[in-house]
There are 2 protein chains.
Amino acid sequence: MKKRDDLAHSAAVMYYVQDQTMDAISTEFGVSRATVSRLLKHARDTGLVRITVTDVSRGTDVLARQLERAFGITAHVVQVRGAATEAVRLEQVSKVAASVLDTLMEPGTILGLAWGSTITELSRHLSPRRVPESVIVQLNGAGSARRSGIPYTGAILNSAAEAFGSQVVHFPVPAFFDYAETKRAMWRERSIRGVLALQAQATVAVFGVGALYGTVPSHVYSSGYFDEEDYALLAREHVVGDVCTVLLREDGTWADIEMNSRATGPTPHELSRIEHRLCVVAGAHRTPALLGALRARAVTDLVVDELTAKLLMDKVEPV
Amino acid sequence: MKKRDDLAHSAAVMYYVQDQTMDAISTEFGVSRATVSRLLKHARDTGLVRITVTDVSRGTDVLARQLERAFGITAHVVQVRGAATEAVRLEQVSKVAASVLDTLMEPGTILGLAWGSTITELSRHLSPRRVPESVIVQLNGAGSARRSGIPYTGAILNSAAEAFGSQVVHFPVPAFFDYAETKRAMWRERSIRGVLALQAQATVAVFGVGALYGTVPSHVYSSGYFDEEDYALLAREHVVGDVCTVLLREDGTWADIEMNSRATGPTPHELSRIEHRLCVVAGAHRTPALLGALRARAVTDLVVDELTAKLLMDKVEPV
DNA sequence: ACGACCTGTGCACGAACGTGCAGAAAGGAG
DNA sequence: CTCCTTTCTGCACGTTCGTGCACAGGTCGT
C-alpha cells in the first residue's frame with residue numbers, strides 16, 4: 001500500500017496545512033469525499049499526521065496540583081463524563097496516558113512495560129511514531145498455572161513495538177513462581193539475567209495498579225494466578241493490590257509479604273531506579289492500591305481519572 | 001487571559017486526545033457547544049495544539065522530484081485548485097511554506113527574513129511555537145524614496161518573532177541606495193556591520209522572488225523604489241526579477257548588473273553560505289525570476305505551486 | 001450615573017463530516 | 001476462464017461543526 005500512503009499524505013497537507021475542505025480535495029483527486037475522509041483517517045492512524053497537545057496544563061488543574069504536592073509526582077487528571085461506564089473510563093484514561101507516554105519516548109529509550117487490562121488498553125491507543133534505537137522490555141512474568149502468558153503480553157508488547165519501531169524483549173516466566181527456590185534458581189540463569197539487566201537500564205516504565213477487591217477485581221486476581229490458599233494469605237496480610245505483580249498494602253509496604261518472594265516483577269524499590277515511572281489508573285476500586293503504590297514511591301508520573309483522584313485525596317486529606 | 005488558555009487546554013485534551021465530541025465537552029464544562037468550538041480554535045491558534053504532517057512526501061510527487069533532480073534542491077509542490085485566484089494561490093503556498101519553515105526552526109536558529117508580499121503572507125500563517133535562543137534578522141533593506149519601510153517589514157518580523165519567541169534585528173537601510181558610494185560608506189559603519197555579521201551567521205533564510213514583468217509585478221517594482229530611468233536600465237540588462245532585492249536575469253547571472261552595487265540584500269553568492277535557503281513562490285508570472293534564482297543556486301528548499309512548477313519544468317526540459 | 005463601547009456567550013442555520021451499506025474492482029484458487 | 005473472497009469506493013443519511021447575529025455583562029470616560 002504505497003500509493004495509499006501517498007495520496008493520504010497529499011490529502012493531509014491539503015486538509016491540515018492548507019485547510020481545504022474534504023470536498024475540494026476530493027474533486028482535485030477525482031475521488032469521492034468519503035474516500036478523502038477515509039484517507040485522512042488513515043493518515044492520522046498511521047502517524048502521518050500527528051496532533052499534539054502541549055502539556056502546559058500543569059499549573060491550574062487544582063486536583064492535579066494537590067496530587068503533585070501530596071506525593072511529589074507529576075499528575076494528569078482525566079475528565080470523564082460522570083455517567084460513563086467503566087470501559088469508557090478506562091478508554092479515556094488510556095488515551096491520555098498514551099499521549100503522555102508519547103512525550104516520554106525519545107531516541108534510545110528503554111521502555112519497561114507491565115501488563116494488565118489497563119496497559120492492554122493503553123497499547124491500543126499509541127499513535128505510530130518511529131523512535132530510533134528504542135527497546136521495549138517486559139517488566140514482569142505473565143505465565144500462570146493455565147497459560148504461558150506469552151500470547152497475552154505479546155499483544156501488548158507487539159503493538160507498542162509497532163508504534164515506536166522498537167525491539168522487543170520478552171520475559172518468559174510465570175507471574176508468580178510456586179517456589180521461591182525456583183525463582184532464585186532462574187534468576188541465576190543467564191537468559192533471565194539478560195532481561196533483568198535490561199529492565200534495570202530502563203528509562204521509562206509504564207504500569208497500572210491491580211486491585212484485589214472491588215466490583216472488578218483485576219486480571220491477575222481473577223484469572224487463575226492464585227488458589228484458595230493464596231487468597232486467604234492475601235487477606236491476612238492486608239494486601240489491597242499490586243504494582244507489576246508485586247503485592248502491596250494500602251500503607252505502601254510490601255517487603256515483608258511472603259508471596260512477593262515468588263513474584264517476578266520489579267519491586268517498588270527496584271522500580272525507583274527508573275527515571276520515569278508512569279502509572280495509569282482508571283476506576284474507583286483501584287483507589288486503595290493506587291494509594292499503596294504512591295506511598296511506596298513507585299510512581300513519578302500519574303494518569304488517573306477525576307473520580308479516583310478525588311477519592312484518593314479524600315483518603316489522604318479528609319476534609 | 002489565563003483562564004481561557006486553561007479551559008482551552010482541557011478542551012483540547014478532551015477533543016483531540018480522548019476524542020470526545022464538542023457536545024460532550026460543552027455539557028461537561030457547562031457552556032455552549034459554540035464556545036467549545038471557539039476554545040478549540042483558540043487552542044490551535046495559540047499553538048496549544050499542534051497538527052503536524054510528517055514530510056515523507058518526498059518520494060513520489062513526480063513534479064517535485066523532477067525539480068529536485070534538475071536543481072539539486074528539496075522541493076514541495078503545492079496543489080492549488082486550478083480555478084483559484086492569485087490571492088488564494090499565494091495563501092495556499094504560504095501556508096505550506098510556513099509549515100516547512102516550522103520544521104527548519106530549532107533552538108538557536110538564526111533566521112534571515114526577506115520581505116515582500118509572499119513573505120508577508122507567510123508570516124501570517126506561522127503557528128506559534130517557542131524556539132529558544134532563536135534570532136530573526138532582516139536580510140535586505142526596505143526603505144524607499146517615499147517610506148522608511150520599517151512599518152512594513154516590522155509587521156513581518158514581529159509576527160514571526162511572536163510565533164517563535166525570537167529576538168528581532170532590523171536592517172534600517174533603503175532597498176537600494178541612490179549612490180553606490182553611500183552603500184560602501186554605510187557598510188563600514190559598525191551598526192550596519194553588526195547586522196551584516198548576523199546575516200552571515202544565519203542558518204535559515206526565507207525569501208520569495210520578485211517578478212519584474214507580468215500581470216502582477218512584485219511590490220518592489222510597483223511601489224516607488226525605481227524611477228523611469230531605472231526601469232529602462234533593468235530592461236536593457238534583461239533583468240527578470242530579484243531575490244532579496246538583488247536583481248537577476250533568467251540565466252541566473254547578476255554580478256555585472258550595475259544596480260546591484262546599490263542593492264542592500266545578500267547576493268546569491270552570500271546567500272549560498274546559509275545552510276537552508278527556503279524560497280517561496282506562487283504565481284506563474286514569477287517563473288522567469290524563479291528560474292534565475294534556481295540557476296544562481298540561491299535556493300536549497302523550494303515551495304511552489306503546481307502550475308508554476310510545471311511551467312518551470314517546461315522551460316528547462318521542453319517535451 | 002449614564003451611555004458608548006468592547007468582549008464574550010448562546011442560538012440557530014447551513015456547511016462539513018463520518019460511516020453503514022451495497023455494489024465494483026482486484027486478487028486467488030481451482 | 002470462472003467463481004469466490006477480499007478490499008475498495010460511492011451513495012446517502014444522520015451527526016457534528018463553524019460562524020453571523022443579537023444580546024448580556026463588564027469597563028471606561030465624561
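Please read these numbers as outputs of a predicted model, since none were measured by experiment. Naming: A, B, ... by sequence-line order, numbering from 1 per chain.
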Visitor: Would you indicate which nucleotide in dG10(C), dA12(D), dC17(C) comes nearest to any side-chain atom of Val31(B)?
Guide: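 My answer, after comparing the listed nucleotides, is dG10(C).
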
Visitor: So, does Lys41(B) get its side chain near the phosphate of dC17(D), meaning an N or O under 4.0 Å from OP1 or OP2?
Guide: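 No, outside the criterion.
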
Visitor: So do the side chains of Ile136(A) and Gln167(A) get within less than 4.5 Å of each other, counting heavy atoms only?
Guide: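 Side-chain contact under 4.5 Å: no.
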
Visitor: Does dG18(C) have OP1 or OP2 sitting under 4.0 Å from an N or O in the side chain of Ser37(A)?
Guide: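 For dG18(C), OP1/OP2 do have a side-chain N/O of Ser37(A) under 4.0 Å.
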
Visitor: From the set dT19(D), dA12(D), dG10(D), return the single nucleotide nearest to any side-chain atom of Arg33(A).
Guide: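 Out of dT19(D), dA12(D), dG10(D), the nucleotide with an atom closest to Arg33(A)'s side chain is dA12(D).
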
Visitor: Under 3.5 Å, side chain of His9(B) to main-chain N/O of Thr54(A), donor-acceptor pair present?
Guide: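 Indeed, once roles are kept as given, a pair shorter than 3.5 Å links the two residues.
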
Visitor: Could you state the interatomic distance from CG (Leu122(A)) to OG (Ser117(A)), rounded to the nearest 0.5 Å?
Guide: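 Reported value, rounded in 0.5 Å steps: 11.5 Å.
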
Visitor: Is it true that the side chains of Arg50(B) and Tyr16(B) contain a donor and an acceptor less than 3.5 Å apart?
Guide: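 There is no such pair (donor and acceptor under 3.5 Å, judged by atom type) between the side chains of Arg50(B) and Tyr16(B).
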
Visitor: Starting the side chain at C-beta, find the nucleotide from dG18(D), dC11(D), dA12(C) nearest to Arg44(B).
Guide: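 The listed nucleotide nearest to Arg44(B)'s side chain is dG18(D).
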
Visitor: By the 4.0 Å heavy-atom rule, please label Thr35(B) as base, sugar-phosphate, or nothing.
Guide: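 Sugar-phosphate, no base atom in range.
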
Visitor: Could you tell me the separation between the CD1 atom of Ile119(A) and the OG atom of Ser94(A), rounded to the nearest 0.5 Å?
Guide: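 That separation rounds to 8.0 Å.
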
Visitor: Out of dC21(C), dG18(C), dC11(C), which has the shortest distance to the side chain of Arg38(A)?
Guide: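 Out of dC21(C), dG18(C), dC11(C), the nucleotide with an atom closest to Arg38(A)'s side chain is dC21(C).
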
Visitor: Please write out each protein N/O paired with an N/O of nucleotides 22-26 of chain D under 3.5 Å, distance rounded to 0.1 Å.
Guide:
none

Visitor: Give the residues of residues 19-26 of chain B touching DNA chain C, defined as any heavy atom closer than 4.0 Å, sorted by residue number.
Guide: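 Residues of residues 19-26 of chain B under 4.0 Å from DNA chain C: none.
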
Visitor: Any chance CZ of Arg130(A) has more than 12 other-residue heavy atoms, nucleotides or ligands included, within less than 6.0 Å?
Guide: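 For Arg130(A), atom CZ is not crowded (no more than 12 foreign heavy atoms under 6.0 Å).
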
Visitor: For dC17(D), does OP1 or OP2 lie under 4.0 Å from any side-chain N or O of Tyr15(B)?
Guide: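 So the side chain of Tyr15(B) is within the cut-off, an N or O lying under 4.0 Å from OP1 or OP2 of dC17(D).
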
Visitor: Can you confirm whether the side chains of Thr308(A) and Asp305(A) place a donor and an acceptor under 3.5 Å from each other?
Guide: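 There is such a pair between these side chains.
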
Visitor: Let me confirm one number: the CD-OG1 distance from Gln138(B) to Thr153(B), rounded to the nearest 0.5 Å.
Guide: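 Rounded to the nearest 0.5 Å, the CD-OG1 separation comes out at 4.0 Å.
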
Visitor: Taking atom P of dG10(D) as reference, at what distance in whole Å does atom CZ of Phe29(A) sit?
Guide: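 Distance check: Phe29(A) CZ to dG10(D) P gives 13 Å.
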
Visitor: To the nearest 0.5 angstrom, please state how far the CG atom of Leu290(B) sits from the CG atom of Leu302(B).
Guide: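 CG of Leu302(B) is found 5.5 Å from CG of Leu290(B).
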
Visitor: Whole-Å distance between dT7(D) P and His42(A) NE2?
Guide: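 Distance, rounded to whole Å: 15 Å.
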
